[in-house]
**Student:** 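Dropping the structure in here first, questions after.
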Amino acid sequence: MESIFFLGFSLHAWITIGTILGIFLLLARTRMPAEVVFLGALTVLLVTGVVDEEEGMAGFGSEPVVIHAAFFVIIAGLLQSGMLYWLTKNVLGTPRAYKDALLRLMIPTVIMSALLNSVNVVALFIDAVKIWARKLGVASSRLLLPLSYAATLGGMCTLLGNSSNLVVSGLYLSSTGNTMNVFAPLVPGLCVTVVGVILVVLLQKFIPERESPEQSFETTSDYTVELLVPTDNPAVGNSVEEAGLYNVKGGSLVEIVRFDKEIIMPVPRDEWVLGGDRLVYAGQINEILELKRTHGLAAADHHVWSINDIDKKRKMRTAYVSFGSELIGQKMTDCDFEHDNDVVLVAVARQGKRIDGQPREIRLEAGDTLLLECPPKNEEQLEYDNRRNLTFFDSHFVPQLGPKTVTSALVLIVMFIVSYFHTIPLMATTMLAAGAMIAFGCCRKNMVVKYIEWELLLILGSTVVFSTAITKTGIADAIATGVLQVCGTNPYVVLVVMCLLASVFSEFVSDVGASAVFFPIVFQEAQLMGCDPMPFVMSLMITVTISFASPIGSSTHMLIYGPGAFRFTDFARLGAIMHVVLLAVAVISVCLVYPM
């Protein structure tokens, strides 16, 4: 079967090409989770014989996957010991102007992202930045976008800063047998970072100002109504559905508060109506108030449900619909999300504005902000169960600072010292650091698993296999040869062309996917021209991360998309300029540090 050729490619090569194109189409056109798409593509390659079982499983034991898994444990230790809490509490101050605020935010973010992975730093800072923005009197979007850009820039400086860096270094190891130093991209990464920070400060007028979605949820009395059921009301003794009080025009019944303080939430259709009940509705206020006239209800004597004074038996949580969430396109009335998680959707905001109408009848979109009422249950478990669908940024967990805070910081410092001097391989170094975090009690053993992003590990393992397939089937060699025929054999011209293609490609897919696809091609080009592959590899590592013009090219952009109430085009205003300038800086700096 492999001997069959068409247009110069074998059948296995065409299967690989079709599989990779299928991945990008599914990710762009469907809501299928990324890890499911990648695992499905890996299955295709295995079943058709493009890769054998050993090659298919090798990716999951590769250096990028193992280092990432270990690093999740290290981050758990830093979080639970209070080290990261201490950092976020002390790095921000009270700047005199917006320009000073940008520098106070971006410089520490750059440093932390180089050491702790850009995605983790952005997730950690979002809450603090939103609170800080309110204190400074600026829109949170004006600080969240620089936060994401700074994290991406800082992540370019070390192998641990971005997932794509680890993928490229792992593929380089498998291709050459040589291990990269953890600070290999430091000098060109710093050049790009410094220019990037300067561009953000100089072009701050291009940073969009969007109304924070939380401002739509400042007071629940603006969009909830409590109505009292008189003792002699005809509805008493009937179910809420029979009495016409369940699905009402313009709103939905969120909960019932009994006269004895019992709270019924969510409210089943067959729940009895009792005299003295307080019926809490959410939706369009004017239409809900019509129930006073049509159903003989009375206004409650005072509003007892305020977001700033919540009853101890219940809690308000703000969450954002994640990209790839199964809730996208769904109404709460059409799925079992509320029932399965014992929560109630109270309101929905989109791009900073609350959507009028019955919340449970709104079709959700990526980036929507949801106000949920949750029962008194473990908050971490709620977030863990729903991290595929929702991102919670209103956790009130404040760790206790103490000896373990210092211990976790020392473990991190020792890890980087050992990595710098390359006394033992990077994979072994991170595994030892993760073991030390557990051994010294910096993170609880039963909580470690919850901090590991299993979906990311599955994607990383799969992408390594795709790179193997591209090389094995001759696709990399054919494309590399074709590029050389078009561009000539000048290595600088070839490097510029490949960096341009890879950086544009990464704006529409993840930087990890772009790394896996382009690495075997640029590596093969370097070999065909008889050049040292390091300049090509290092250029690829940095340029695939220059994804500033769209929210889908970077995980950090997707994290801030909902909290900042951004629009898709907001990233292009400043991001397009940064993409062009930083691409040129990246190519020049890499060629100076790693000459041909």
**Student:** If the test is side chain to side chain contact (heavy atoms under 4.5 Å, CB included), which one of Leu457, Leu42, Val65 qualifies with Ser462?
**Tutor:**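 Exactly one option meets the side chain to side chain contact (heavy atoms under 4.5 Å, CB included) with Ser462, and it is Leu42.
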**Student:** Classify the ring geometry between His557 and Phe571 as parallel (under 30°), tilted (30 to 60°) or perpendicular (over 60°).
**Tutor:** tilted
**Student:** Which atom names give the shortest non-hydrogen contact between Ile74 and Ala433, and what distance separates them?
**Tutor:** CD1-CB, 3.7 Å
**Student:** Roughly how far, to the nearest 0.5 Å, is CE of Met578 from CZ of Phe206?
**Tutor:** 12.5 Å
**Student:** Are the side chains of Leu432 and Ile424 in contact, using a 4.5 Å heavy-atom criterion?
**Tutor:**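 Yes, side chains in contact.
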**Student:** Do Cys499 and Leu583 come within less than 4.5 Å of each other through their side chains, counting heavy atoms only?
**Tutor:** yes
**Student:** Testing the basics here: between Pro208 and Ser141, what is the closest heavy-atom pair and its distance to 0.1 Å?
**Tutor:**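 Distance-wise, the nearest heavy atoms are O-OG, 2.9 Å.
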**Student:** Once rounded to the nearest 0.5 Å, what's the spacing between atom CG of Asp511 and atom OG1 of Thr543?
**Tutor:** 10.5 Å
**Student:** Short question: side chain of Glu507, backbone of Ala549 - any donor-acceptor pair under 3.5 Å?
**Tutor:**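 Yes, Glu507 side chain to Ala549 backbone: donor-acceptor pair under 3.5 Å.
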**Student:** Just say parallel, tilted or perpendicular for the rings of Phe523 and Phe519, cut-offs at 30° and 60°.
**Tutor:**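 Judged by the thresholds at 30° and 60°, the geometry between Phe523 and Phe519 is parallel.
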**Student:** Can you measure from CZ (Phe71) to OG1 (Thr430) and round to the nearest 0.5 angstrom?
**Tutor:** 8.5 Å
**Student:** Could I get the full list of side chain to side chain contact (heavy atoms under 4.5 Å, CB included) partners for Val36, not counting sequence neighbours?
**Tutor:** Met32, Pro33
**Student:** What's the spacing between Arg350 CZ and Leu370 CG if we round to 0.5 Å?
**Tutor:** 10.0 Å
**Student:** Return all side-chain donor-acceptor pairs below 3.5 angstrom for residues 185-202, not counting sequence neighbours, or 'none' if the list is empty.
**Tutor:**
residue: Thr193; atom: OG1; partner: Leu153; partner atom: O; Å: 2.9
residue: Thr193; atom: OG1; partner: Gly189; partner atom: O; Å: 2.7

**Student:** Applying side-chain contact (heavy atoms from CB on, under 4.5 Å) to Asp368 and Ile328, what does each step give before you reach the verdict?
**Tutor:** CA-CA 9 Å; Asp368 281 356; Ile328 295 175; over 6 Å; no
**Student:** For the residue pair Phe60 and Leu458, what are the closest heavy atoms and their distance?
**Tutor:** CE2-O, 3.7 Å
**Student:** In terms of heavy-atom contacts, does CE of Met534 have more than 12 from other residues, nucleotides or ligands at under 6.0 Å?
**Tutor:**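 Correct, the count exceeds 12.
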**Student:** Please verify the inter-ring angle class for Phe505 with Phe518; under 30° counts as parallel, over 60° as perpendicular, anything in between as tilted.
**Tutor:**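 Aromatic pair Phe505/Phe518 classed perpendicular.
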**Student:** Using the test side-chain hydrogen bond (donor to acceptor under 3.5 Å, both in side chains), find all partners of Ser118 that sit at least two apart in sequence or belong to another chain.
**Tutor:**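 For Ser118, the residues satisfying side-chain hydrogen bond (donor to acceptor under 3.5 Å, both in side chains) (neighbours in sequence not counted) are Asn162.
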**Student:** For the residue pair Val73 and Cys443, establish whether any side-chain heavy-atom pair is separated by less than 4.5 Å.
**Tutor:** yes
**Student:** Looking only at heavy atoms, what is the nearest atom pair of Leu345 and Val348, with distance?
**Tutor:**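 The pair with the smallest heavy-atom distance is CD2-CG2, 3.8 Å.
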**Student:** Can Val544 and Ser503 be said to form a side-chain contact (heavy atoms from CB on, under 4.5 Å), step by step?
**Tutor:** CA-CA 5 Å; Val544 295; Ser503 65; over 6 Å; no
**Student:** Do Ile577 and Phe548 have side chains that get closer than 4.5 Å, going by heavy atoms?
**Tutor:** no
**Student:** So Val122 and Ile560, side-chain contact (heavy atoms from CB on, under 4.5 Å) or not? Walk me through it.
**Tutor:** CA-CA 8 Å; Val122 171; Ile560 66 164; 3.8 Å; yes
**Student:** Which heavy atom of Leu105 sits nearest to which heavy atom of Leu143, and what is that distance?
**Tutor:**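 Between these two residues, the closest heavy atoms are CD2-O, 3.3 Å.
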**Student:** Ignoring hydrogens, what is the shortest heavy-atom contact between Val590 and Met538? Give both atom names and the distance.
**Tutor:** CG1-CB, 4.1 Å
**Student:** Please name the residue in the list Ile67, Leu115, Asn117 that meets the side chain to side chain contact (heavy atoms under 4.5 Å, CB included) test with Leu160.
**Tutor:** Ile67
**Student:** Between the side chains of Thr405 and Ser81, does any donor sit under 3.5 Å from an acceptor?
**Tutor:**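 Judged by distance alone, the side chains do not pair up.
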**Student:** Show, in sequence, the C-alpha distance, side-chain angles and deciding distance for His68 and Leu166, and conclude whether the side-chain contact (heavy atoms from CB on, under 4.5 Å) test is met.
**Tutor:** CA-CA 8 Å; His68 255 81; Leu166 283 173; 3.0 Å; yes
**Student:** Do Leu327 and Phe337 touch side chain to side chain, with heavy atoms closer than 4.5 Å?
**Tutor:** yes
**Student:** What distance separates Phe536 CZ from Cys591 SG, expressed to the nearest 0.5 Å?
**Tutor:** 8.0 Å
**Student:** Could you tell me whether the side chain of Lys404 and the main chain of Gly441 form a donor-acceptor pair under 3.5 Å?
**Tutor:** yes
**Student:** Could you please spell out the steps behind the side chain to side chain donor-acceptor pair (under 3.5 Å) verdict for Ser148 and Thr556?
**Tutor:** CA-CA 5 Å; Ser148 180; Thr556 61; 2.9 Å; yes
**Student:** Does some side-chain heavy atom of Met541 sit less than 4.5 Å from a side-chain heavy atom of Ser515?
**Tutor:** no
**Student:** Please round to the nearest 0.5 Å and tell me the distance separating atom OG of Ser325 and atom CG of Leu364.
**Tutor:** 8.0 Å
**Student:** With a 4.5 Å limit on heavy-atom distance, are the side chains of Val537 and Met180 in contact?
**Tutor:** yes
**Student:** Can you tell me if Tyr98 has over 12 outside heavy atoms packed within less than 6.0 Å of its OH?
**Tutor:** yes
**Student:** Centre of Phe566's six-membered ring, under 6.0 Å away, within 45 degrees of the axis: is that where NZ or CZ of Arg210 sits?
**Tutor:** no
